[in-house]
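First the structure, in the form of structure tokens, and then the observations on it.
Only heavy atoms go into these numbers, but all of them, side chains included; no hydrogens, no water, no symmetry mates. Atoms within a ligand are numbered from 1 in the order they appear, just like the ligands themselves.
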Amino acid sequence: MMKLVRSLATAFVSLTIACGVHAQAKPQVVLLATGGTIAGAGATAANSATYQAAKVPVDKLIAGVPELAQVAQVRGEQVFQIASESFTNEHLLTLGKRVAALVKQPDVDGIVITHGTDTLEETAYFLNLTVHTDKPVVVVGSMRPSTALSADGVLNLLNAVTVAAARDSRAKGVLVVMNDEIHTGRDVSKSINIRTEAFKSPWGALGMVVEGKGYWFRAPAKRHTMNSEFDIEKISALPQVDIAYGYGNLNDIAYRAFAAKGAKALIHAGTGNGSVAAPVVPALRELRSQGVQIIRSARVVGGGFVLRNAEQPDDQYDWVVAHDLNPQKARILAMVALAHGADSKALQRMFLEY
Ligand code: DAS
């Protein structure tokens with residue numbers, strides 16, 4: 001009898017230790033919910049593109065994927081509940097400061113941010129530039145609402161938590177996980193407006209997530225997070241930076257109007273290699289002389305870059321080229337750089353380094 005009691009006690013202790021160790025071994029991931037389609041709801045399962053974004057609260061997002069519990073201990077915070085096209089600079093700062101505070105906590109191993117897909121790439125790049133951490137920060141969205149047939153959000157969320165919980169995701173900068181792929185927040189952009197494979201990086205994804213495991217094939221080449229000179233905790237406000245599109249028959253109305261309303265930099269989304277139509281050059285030179293930074297990006301995106309002094313004499317005009325950054329990414333870097341007091345020379349260095 002005593003022998004049986006002893007063996008039961010031994011079994012109980014080892015089970016407790018195993019559970020204890022197993023429970024302790026689970027990484028702790030904080031899910032910051034901001035809204036978007038991943039929290040969207042449509043009228044019927046057939047509505048994959050017609051629905052209301054930002055409806056499902058964070059606790060329901062977590063409850064909707066019970067498999068998360070096998071990957072990490074996940075706790076949620078509802079930071080916002082909005083469609084991401086409505087993000088403001090204040091939303092970026094609030095979210096960034098919350099991430100910066102959480103990654104300092106020893107009981108946080110990784111962060112997942114659920115986000116609308118429309119400006120997800122901007123938020124991801126902003127955090128990549130300004131949050132000093134080597135813990136994984138993963139931004140995720142979905143192209144279909146949770147109520148739709150073949151909804152993509154649940155697997156995207158599981159994959160995002162998997163990446164955020166994995167040690168080999170550390171020190172890779174802010175990541176975007178969508179459609180089984182892992183992208184750097186710097187390069188990725190929403191390139192298709194209604195397909196699940198919407199997110200593309202011109203220089204390729206960093207890796208993939210397949211059946212609960214991340215597979216890495218390359219690492220980011222540009223400065224980010226721990227190696228960034230920018231710090232979210234030193235930014236109290238972001239300056240106004242606007243984007244004007246280049247096209248045939250172009251005039252300077254938009255550029256002058258943005259500057260008149262306080263823009264501190266203008267991103268020119270130029271044709272070709274950031275070309276500037278002749279009728280617009282005098283206005284941009286005049287605005288530069290008034291202190292507005294002029295940054296040449298291109299409406300042609302994906303796999304190339306705007307070359308300094310090629311289409312325009314940037315040295316002579318004291319203009320900046322956005323290198324390979326598309327206009328919306330260029331705006332994010334310009335805002336962060338100006339918030340840190342960058343002049344045109346520093347701006348050009350930053351556009352080559354980040
Ligand atoms: N309106 C889109 C947004 O919130 C919905 C989405 O695709 O997430 O970004």
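Ligand 1 places these atoms under 4.0 Å from at least one heavy atom of G36: 4 (O), 8 (O). Counting atoms of ligand 1 from 1 in the listed order, those under 4.0 Å from a heavy atom of G116 are 3 (C), 4 (O), 8 (O), 9 (O). Interface of E85 with ligand 1, defined as ligand atoms under 4.0 Å from a residue heavy atom, comprises 1 (N), 2 (C), 3 (C), 4 (O), 9 (O).
The ring of H268 has its center no closer than 6.0 angstrom to the ring center of Y245.
With respect to atom 4 (O) of ligand 1, the closest heavy atom belonging to the protein is S84 N, 2.8 Å. The nearest heavy-atom contact from the protein to atom 7 (O) of ligand 1 is T117 OG1, 2.5 Å.
With sequence neighbours excluded, no residue forms a side chain to side chain donor-acceptor pair (under 3.5 Å) with Q316.
Residues in residues 126-149 take part in these side-chain hydrogen bond (donor to acceptor under 3.5 Å, both in side chains) pairs, two or more places apart or across chains: D134-R170.
Among I194, D118, T37, the residue whose heavy atom sits closest to atom 8 (O) of ligand 1 is T37.
Ring geometry for H91 against F80 counts as perpendicular: the plane angle is over 60°, on a 0 to 90° scale with 30° as the lower cut.
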Could you check Y125 against V174 for side-chain contact (heavy atoms from CB on, under 4.5 Å), going step by step and ending with a plain yes or no? CA-CA 7 Å; Y125 188 36; V174 173; over 6 Å; no
